[in-house]
Amino acid sequence: MKEYLTGLIGEALAALNAKGKVNVELPATIHIGRTRDPAHGDLASNVALTLAGGAAMPPRELARLICAELPESAEISRTEIAGPGFINFFLADSRLHSIVATVLEQGAGFGCCAVGAGQSVQVEFVSANPTGPLHVGHGRGAALGDCIARLLEATGWQVSREFYYNDEGRQIDNLARSVQARCRGLGPADENWPDEAYRGEYINDVAKAYMSGVLTSASDRQVQGAGDPDDLSAIREFAVASLRREQDLDLQAFGVQFDVFFLESSLHDSGAVEATLNKLVCAGHTFEQDGALWLRTTDFGDDKDRVMRKSGGGYTYFLPDVAYHHNKWERGFKRVINEQGADHHGTVTRVRAGLQALAAGIPEAWPEYVLHQMVTVMRAGEEVRISKRAGNYVSLRDLIDEVGKDATRYFLAARAPSSQLTFDIDLALVQSNDNPVYYIQYAHARACSVFQQLAVRGLTWSEEAGLAGLSLLIEDSENAIMKKMARYPEVVLLAAQRSEPHRVAIYLRELAAEFHAWYNAHRILSEDRQLRGARLALAAAVRQVLANGLALLGVSAPESM
RNA sequence: GCGCUCGUAGCUCAGUUGGAUAGAGCAUCCGCCUUCUAAGCGGACGGUCCCGGGUUCGAAUCCUGGCGGGCGCGCCA
């Protein structure tokens with residue numbers, strides 16, 4: 001529709017030029033925007049404002065000339081000049097009504113498009129190391145990453161969800177030693193309790209399971225407890241599997257699934273880390289200093305050079321990171337989105353610099369990053385510092401158990417990733433009924449219940465007849481709903497393109513509000529059969545759009561509440 | 001100190017890449033259930049869009065300088 005209007009305006013300007021009434025250069029782009037206030041029509045253009053200077057006439061005068069010269073169109077009921085010189089377009093009612101038919105016809109596919117068709121994209125998210133249960137911060141990553149993946153799927157992309165973690169290394173050693181200490185009956189208060197050991201109660205559970213020979217299975221591994229407190233390596237294997245399993249359960253409760261679990265250790269085992277190192281050395285971007293091997297990342301925009309191999313001989317985390325991303329590239333992902341907490345923003349430049357140094361033809365801005373700001377957790381008016389070592393935890397699972405999957409997902413996905421968010425546990429519990437997600441779900445349930453009432457009253461409705469009577473929908477609240485529904489595909493596309501799922505959440509709240517207002521003001525099950533039919537068609541369309549949007553957020557759409 | 005990021009109503013947050021009178025929810029106050037679900041609706045109250053300059057027809061939005069919060073700056077991951 002916007003393209004259509006720019007075409008009309010272009011024609012009008014060309015005609016004015018030809019007639020010599022004005023002399024302006026045709027702009028490269030004519031901007032058409034949606035109006036905020038219904039009194040300003042449906043769409044508006046600022047073209048007269050931007051061209052007034054060049055045309056040497058007042059904007060309103062130019063706008064008047066353009067309007068007079070606009071070709072006749074059945075799509076537009078009227079135009080109007082407003083404010084400093086905006087041209088407001090009022091669309092024909094038939095145009096507005098057609099959205100109802102479109103929604104019902106496309107069903108679950110309404111809002112989807114094919115801009116990503118034939119292309120694959122990898123979304124990496126959560127990527128928590130198996131040293132403890134997932135906390136609220138991971139939850140935000142899980143909600144955002146999964147919603148971004150769903151948005152990409154809705155816009156035609158083929159999406160692979162990936163979870164990367166380290167199953168060896170220092171953190172994992174520490175985990176193993178912590179479990180071992182528990183196996184030996186030690187507690188944090190004991191003298192021989194290892195330094196830096198994890199104190200959480202879950203460590204004790206793992207130790208007990210290990211000692212009693214439990215078979216633990218995670219989505220990507222399965223290990224039996226060996227029962228030997230001296231076998232640190234067996235403890236490590238078992239502990240990693242146990243915590244992976246716990247995380248699986250957390251993710252499952254949250255409605256998140258992964259296609260690939262990628263182990264950092266596999267990069268070492270396959271020789272990919274060394275191969276990456278060799279390539280970097282051969283490419284001539286490395287140097288030795290103080291016994292360590294450095295990569296000159298400053299050549300690629302970093303603010304300081306980075307060590308790859310320590311003077312002691314081991315590799316820093318930086319090198320496997322580069323190897324991992326090179327691996328992603330070699331797997332053929334021309335597009336990769338990494339969803340991470342903002343505390344990792346330092347790695348963005350580093351990893352990209354490392355990839356550039358490989359000279360593998362990887363674009364400079366690859367991979368993409370979506371960094372969410374930190375979640376601060378408040379309880380009893382005080383900030384809860386999350387510390388694995390202290391066992392001070394606000395686990396994702398607790399949250400799901402207490403306020404529910406839907407409310408938690410909505411809460412964590414409904415804010416822009418770039419905004420810090422405060423999760424007040426007490427408030428979340430007290431106000432769980434005031435969570436906007438229920439407001440949206442309630443609108444869906446209400447729409448469903450109207451159809452149940454229809455059956456109860458022994459009435460019937462056909463979509464065909466309902467659509468035939470759409471011209472009877474003349475109330476302001478009905479127009480508002482139809483306008484809002486027509487926007488849905490744009491919202492989905494924008495949210496997908498910008499990796500901002502919160503746009504869908506905000507939109508759904510607005511649509512639900514329009515629906516509730518209409519529901520309160522007018523009876524859908526009117527005595528008038530034709531009007532009833534048309535309103536039921538509108539209700540069915542709203543129900544569909546709400547369901548589609550909630551699905552993008554991974555939130556259920558209940559038929560009754 | 002340097003880098004990234006954010007700053008909008010008492011609180012939590014939107015604001016469609018520069019548009020018209022800056023919007024929601026919660027909280028507070030006043031109304032609405034013998035009629036399709038009151039987890040709802042209508043109304044009121046509430047603003048120095050952190051501050052100062054700049055760009056232009058027009059700035060919460062872009063540029064610049066401050067102030068304030070968060071995060072990151074290790075041969076830790």
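In what follows, every chain begins at residue 1, and chains take the letters A, B, ... in the order their sequences are listed. Just so it is clear, the values below take in all heavy atoms, side chains as well, and ignore hydrogens, waters and symmetry mates.
Contact annotation for A/Ala44: base contact, defined as any heavy-atom pair under 4.0 Å involving a base atom. Among the protein residues, A/Ala342 comes within range of the sugar-phosphate backbone only, with heavy atoms under 4.0 Å from sugar or phosphate atoms but none that close to a base. Within 4.0 Å (heavy atoms only), A/His444 reaches no atom of the nucleic acid at all. Among the atoms of the strands shown, base atoms are found under 4.0 Å from some heavy atom of A/His345. Base contact: A/Leu49 has a heavy atom under 4.0 Å from a base atom. Across all strands, A/Arg523 comes closer than 4.0 Å to base atoms (heavy-atom distances). Using a 4.0 Å heavy-atom criterion, one finds that A/Ser560 contacts the bases of the nucleic acid, with or without backbone contacts as well. Contact annotation for A/Arg503: backbone-only contact, meaning every heavy-atom pair under 4.0 Å involves sugar-phosphate atoms and none involves a base.
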Taking only N/O atoms, report every protein-nucleotides 74-77 of chain B pair under 3.5 Å with atom names and distance.
| unit_1 | atom_1 | unit_2 | atom_2 | d |
| --- | --- | --- | --- | --- |
| B/rC75 | O2 | A/Ser311 | N | 2.6 |
| B/rC75 | O2 | A/Ser311 | OG | 2.7 |
| B/rC75 | N3 | A/Ser311 | OG | 3.0 |
| B/rC75 | N4 | A/Asp290 | O | 2.8 |
| B/rC76 | OP2 | A/Lys310 | NZ | 3.2 |
| B/rA77 | OP2 | A/Tyr317 | N | 3.3 |
| B/rA77 | O3' | A/Asn166 | ND2 | 3.2 |
| B/rA77 | O2' | A/Asn129 | ND2 | 3.4 |
| B/rA77 | O2' | A/Gln171 | NE2 | 3.1 |
| B/rA77 | N6 | A/Tyr317 | OH | 3.0 |

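Contact annotation: A/Thr35 side-chain N/O to B/rA20 OP1/OP2 distance is not under 4.0 Å. Phosphate contact (OP1/OP2 of B/rU5, side-chain N/O of A/Tyr369, threshold under 4.0 Å): absent.
Using atom C1' as the reference point in both B/rG19 and B/rG15, the two lie 13 Å apart (nearest Å).
With centroids closer than 5.5 Å and planes inclined by less than 30 degrees as the test, A/His40 and the base of B/rA20 pass as a stacked pair.
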Identify each donor-acceptor pair in which a side-chain atom of residues 507-516 of chain A lies under 3.5 Å from a protein atom, sequence neighbours left out, and give them as a table.
| unit_1 | atom_1 | unit_2 | atom_2 | d |
| --- | --- | --- | --- | --- |
| A/Tyr507 | OH | A/Lys484 | O | 2.7 |
| A/Glu510 | OE1 | A/Lys484 | NZ | 3.0 |
| A/His516 | ND1 | A/Arg446 | NH1 | 3.0 |
| A/His516 | NE2 | A/Tyr439 | O | 3.1 |

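Using modelled atom types, no side-chain atom of A/Asp302 and backbone atom of A/Arg350 make a donor-acceptor pair closer than 3.5 Å. A/His325 places a side-chain N or O within 3.5 Å of a backbone atom of A/Asp321 that can act as its donor or acceptor partner.
Interatomic distance, A/Glu264 CD to A/Asp269 CG, rounded to the nearest 0.5 Å: 10.5 Å.
For RNA chain B, the neighbouring residues in residues 445-459 of chain A, judged by any heavy atom under 4.0 Å, are A/Ala445, A/Arg446, A/Ser449, A/Val450, A/Gln453, A/Arg457.
Each of A/Leu494 and A/Phe86 lies near RNA chain B, and the nucleotide nearest A/Leu494 is the one positioned closer to the 5' end.
Judged by distance alone, the side chains of A/Asp406 and A/Gln441 do bring a donor and an acceptor atom under 3.5 Å apart.
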